[in-house]
Amino acid sequence: MYNFSYQKVSSIADAVDAIQKAEDGKFVAGGQTMLPTMKHRLASPSDVIDLGGIDELKGISVDGDTVTIGAMTTHAEVAASSDVQGAIPALANLAGNIGDPAVRNRGTLGGSIANNDPAADYPAAVIGLGATVKTNKREISGDEFFTGMFETALEDDEVITAVLFPKADASAYMKFENPASRYAIVGVFVASSGGAVKVGVTGATACAHRGMRLEEALNGNFTADAVDGVEIPIEKMNSDIHASAEYRAHLVKVMTKRAVEACS
Amino acid sequence: MYSEELVVGWACRKVNRPVKWTSDRTEAFLADAHGRDHVAHAEMAMDKNGKFLAMRVNTTANLGAYLSTFATMVPSYLYAFLLAGQYSTPLIYSEVKAVFTNTAPVDAARGAGRPEATFLLERLVDVCAEDMGLDPAEIRRRNFIPVDAFPYQTPVVQCYDSGDYNAALDKALALADYEGFAGRAEEAKSRGKCRGIGLSSYVEACGIAPSAAVGQLGAGVGLWESAQVRFNPTGNVQVFTGTHSHGQGHETTFAQLVTEQLGVPIENIEVIHGDTSKTQFGMGTYGSRSLAVGGVAIAKACEKLIEKGKKIAAHALEAAEGDIEFADGNFAIAGTDKAMNIAEVAFNAYVPHSYPEGLEPGFDENAFFDPMNFSFPAGTHICEVEVDPDTGVVEIVKYSAVDDFGKLINPMIVEGQVHGGIVHGVGQALLEGCQYDSDGQLITASYMDYAMPRADNVPSFDVDYAPTNPPHNPLGVKGCGEAGAIGAPPAVINAISNALGIKHIDMPATPENVWRAAQTATS
Amino acid sequence: MEMISEQRIPASLDEVWTALNNTEILKQAMPGCESFDAVEENKFEAKITAKVGPVKAKFKFNVEMTDIDAPNGYTIMGEGQGGVAGFAKGSAKVDLTEDGTDTILAYNVQANVGGKLAQLGARLIDGAAKKMADEFFGNFNELLSDNDSA
Amino acid sequence: MAENGVGASVRRKEDYRFLTGKGSYTDDLNVVGQTHAYFVRSPHAHATINSIDTAAAAAADGVVAVLTGDDLAADGIGPLICGVNVTSDDGEPHRAPVHSALAQGKVNYVGDHVAVVIAETLAEAKDAAEKVEVDYGILPAVTDTATAADDDQQQIHEVAPNNQCYNWPFGDKAAVDAAFESAHKVSSLDLVNNRMVTNPMEPRAAAGEYNSGTEEITLHLTTQNPHVHRLVMSAFNQLAPEHKLRVVGPDVGGGFGVKIFRVLRRVGCRLGLP
Amino acid sequence: MNVNGESISGEVEDRMLLVEFLREHLRLTGTHVGCDTSQCGACVVHVNGVSVKSCTTLAVQAEGGDVTTIEGLAINGELHPMQQAFKDNHGLQCGFCTPGMVMSAIDIVNRNGSDVDEATVRKELEGNICRCTGYHNIVKAVHAGAKNMGG
């Protein structure tokens, strides 16, 4: 790792102030992606600003039909939360299958969606549930938040404060794991609310996205069979040593079907 | 040996400062010696009963960029000489072309040559069974070397010490409930899963090795092993071995040998290894040789101590040496209750106040052991899998292993070696594949892309034994550390082939590869 | 890896060709490009900070234009050293065809990386290369479109 | 006695230290005055080394030395050896290219050792390693096992035409062919035996210490056979006389073959014995 | 910070990892480093009662926290029930992954209770790689340790 200057801030204002003053600053949330990258010397921020001391970014609350999860809430906390388990069990389940237990004890919701790894799990849920990302500046809809590979609508000095997940009548997340890294080769989050179906897909393409064709097929016919006729465009799919584009496209359908089945 | 080790040794003198180097995992992927990497074509000629008449094998082996220390031997002597397997195939012809590439050097990796040979042979045997319309167990039985043919000279140099291949097969079939497989496959089918079962009847040559044999093959030193068993005056024992433990539990197993032989409580025995300044010259630990070769050297040193102890006891007890008997740690005058225990003998040996001329003080003996032959563990492993045809995911639902390791000194440790070996082999079969791109860049250089077996990739195993008694080994033991890694890969791939009804699938049978094979199989 | 795509540019073939040979436009179009200087005819040196997610690496590229078929296209090739991150090399074969008042710019990109980027980022290489190529030609298109309206 | 003797599943004597964190692996060793080595490795699979400029690295903070293959050769340290001879079908021994511990003139795989930086801390060694300037002349790489010996492939080592180390036939080909001719059935199979990385959980490590008073080198290694390591380093690499070299394999975190030094050839000749 | 019940203070570079602090400053070398991508789990310790990968945590991030390493489990030479279970069930061979494995095992039992099932144990050990044991005996050990911890 190259040297850098570490600051632990205790308020959002301090965090914003610190990043504005830094020559090439980076926020660190859980650090489970950033620290390995820095260890390999593939990133060299001048300043690392730790959001771990900001209490207002932590915690889970349920208000009516909305589950609000603070950005610095760890995956383990989400997975273990009886509030989340009760309101959106698929979300608790998703959080409980990110990485491994030790990673879940440090990795955070905010860190995961700000990084927007093409194979991360949370973006599928944010999109699939139609969640809203709340920052120190504004609220961004899930659909607009993820803009490209590792890219989000966030500005450099913008801090995610919480994500507001609306409850769904039924929802499920199905993940096909990379056998080595355990990231999602394909992950599909399906949510059905009031007859409307939303599908969030991760791992398959450069950036998590809504499965519009799948939604079309499932709206009005919320069955696994409805997925059969959907064509998944292969040319948009990621392709790597673990899965070709063709296989990924196939898995999108299989995981969607399984998620639909798990909803019923 | 590696560059880093030599460079650190040289550099610490050059800069006259202590120097430490530790590989990170990425460096390990890049520059540790890799294993396997063959492409091969194999053919078996059979008579109308499925009896093997002759085998022909053509192999290209990748040695990487440079010759690592053992590179040349792995795909030649440790591979071709194992191609007979458990079968009485009378004629075998093998051609091995070893090539250089711009990749990391390739050398010994758990099993070294023997897993390559076994995978090829045990896959080919399943293809033969399919072609002949025979059950995989049946074609193996028809071709096994019969139990009364041992020691058995194969057409490929090796002379097998002992074996009862039918016994291991029968026991494994029972352990795996082979009979009940059809019912389980039906039930799996009702859940949309393809269930398959695969056998692998392997033999391997380990306990490396008889010096005479390796000398003929071009090795310039012997492959004996050494031991020193030293009593301290207060009666505790230090055992110095030329082998080296890196997880195999020598400090326990070797202490068991000594406690058994000398009757010293195990807590009073310390096994010392791994330091050229403490131990006598030895060859180290590899090729499952520590117990089969190193253990015997310890036993021989213990025998020498007993002989010496008899002399000392005879002197101390004022009896004739021929009248002294040793049992359970005591030297006694036969037919009397006059005795002294071995600790007293040790003390006496170091306080030789009235020793007669010719009786040497001290209680400390050396021994070397050079075996007459390799040892040939063998067994049958049976793997049962369920394939999800929609995703290609393979789940190992049951794995049964029956091995012949001769006599077991510590069954707990042996079983642990079997478990570890199986998972190493399962890793090769299902998960692990080292890949370079066409520019020679290693694109599987971390655990993010190189899939190591984890706890949830494997089940718990059913392990049993069908031991025979190897005549060349004074302890009656065979090696066990590599068996699983040798037996498992063909068992897994045979099971997948069986599940999908296909001829072959290459390793690693990743979900995508299995899915594609399933597509082809059903279309 | 190899990828093929195209851009419809609201400019004449000659304008596009001129822009393809304008180092200032190439610099502006290239994401993270700090400098793009000619060293000799058809040879350039470019400094680029490549950013893919948490990874940020500074590259020094030697760029060369070959197979020049004015004004119909060329191949632009680059080899860059990124220090500890490793190296990258890529080429884009560019073909221009007139379509009414527009020009179709078709590009066929090949990219490879070596060193740490290849060792640790295998799953991301294709995606990152595609993203950079699309951004480059997308920006290029925008720059020309802006020129038109100006 | 029998309860702990042969055939008993005695609980392991070594476990207490491993379970309490008191195992002593090579990287756990720390001595006063210790420096840290970091290797500059080739990022290219196949390239000539046109030049190595170590000046900037040598001047970097905390750097004790930057050493290359030329320094190694100047000190008379011999190349790494291969232990076992296989005779090729032309009656010649297998082709054995010279393998210097630090590359000279050419690198032949990604990760090949180009130079070593020794510094007060590991971080400083890594910082300085980035300052070693190596000018490579990149050559085409050969990576595919099946086609490596094809005529149109790039030649890697001068001593090995067609990238072939040996071609080693074994058995009575005529008899086997005849048996195939008259067989009832022939079954055949093409297969690949995939390349594996052995991956003991403890990465390799080495810690060397030199006593200028006794002129003895003590080398702690992740080794499966310390005596043979010592013998080879002494007899073939001329590192130090055997009695002035101590090799220790402390607790070693798995081997599986990757930490071996094996059987060697021609030691007798080297030692002047018949 | 508090390490194994003792209050520790020291000046470190901001870039120092927790595992480096433990191994190099405190000479607590039981915590190992087996990879550089947070996958192998040889470095797992407990921070404030939960398992973390000390190779992916900065030392400064653990400031003020309670850190427990493998060295802190045995009390007066008596093994923690999980350590004892690993010994009794031959849940270790070379011993290198063992400290992280034991720390993860205790964390699994803390979260899932003493009657945790085999599938959960296997799933939750996914962040700890062992090359020697084939996991069979580790899983057995975790179950035995869970019972002992519970009782």
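Naming: A, B, ... by sequence-line order, numbering from 1 per chain. These values consider heavy atoms only, across backbone and side chains, with no hydrogens, waters or symmetry-generated copies.
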Between [X] and chain D, which part of the residue has a heavy atom less than 4.5 Å away: side chain, backbone, both or neither?
| X | answer |
| --- | --- |
| B:Asp506 | side chain |
| B:Thr444 | neither |
| B:Val271 | neither |
| B:Gln280 | backbone |
| B:Pro155 | backbone |
| B:Pro115 | backbone |
| B:Tyr450 | side chain |

Segment of [X] engaging chain B (4.5 angstrom heavy-atom cut-off):
| X | value |
| --- | --- |
| D:Leu29 | backbone |
| D:Asp112 | side chain |
| D:Asp172 | backbone |
| D:His220 | neither |
| D:Ser88 | neither |
| D:Val197 | both |
| D:Leu221 | side chain |
| D:Arg12 | both |
| D:Leu245 | backbone |
| D:Leu80 | side chain |
| D:Pro79 | neither |
| D:Val192 | both |
| D:Asp71 | both |
| D:Gln155 | neither |

When the ring planes of D:His113 and D:Tyr109 are compared, do they come out parallel, tilted or perpendicular, using 30° and 60° as the limits?
perpendicular
For B:Phe100 and D:His157, take the angle between the two ring planes, folded into 0 to 90°, and tell me which bin it lands in: parallel under 30, tilted 30 to 60, perpendicular over 60.
perpendicular
What's the verdict on side chain to side chain contact (heavy atoms under 4.5 Å, CB included) for B:His273 and B:His244, showing C-alpha distance, side-chain angles and the deciding distance?
CA-CA 6 Å; B:His273 60 89; B:His244 182 269; 3.5 Å; yes
Against the six-membered ring of B:Tyr2, is D:Arg204 placed for a cation-pi contact (under 6.0 Å from the centre, within 45° of the normal)?
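Geometry flag: set, cation within 6.0 Å and 45°.
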Check whether NZ of the Lys or CZ of the Arg B:Arg56 lies under 6.0 Å from the centre of the six-membered ring of D:Phe180 and within 45 degrees of that ring's axis.
yes
I'd like to know if the side chain of B:Gln428 pairs up with that of D:Asn193 as donor and acceptor (distance under 3.5 Å, no hydrogens or angles considered).
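Result is yes, a qualifying pair exists.
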Side-chain donor/acceptor of B:Asn410 to backbone N/O of B:Met412, under 3.5 Å
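Present.
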Could you check B:Lys407, B:Gln256, B:Gln261 and say which one makes a side-chain contact (heavy atoms from CB on, under 4.5 Å) with D:Val6?
B:Lys407
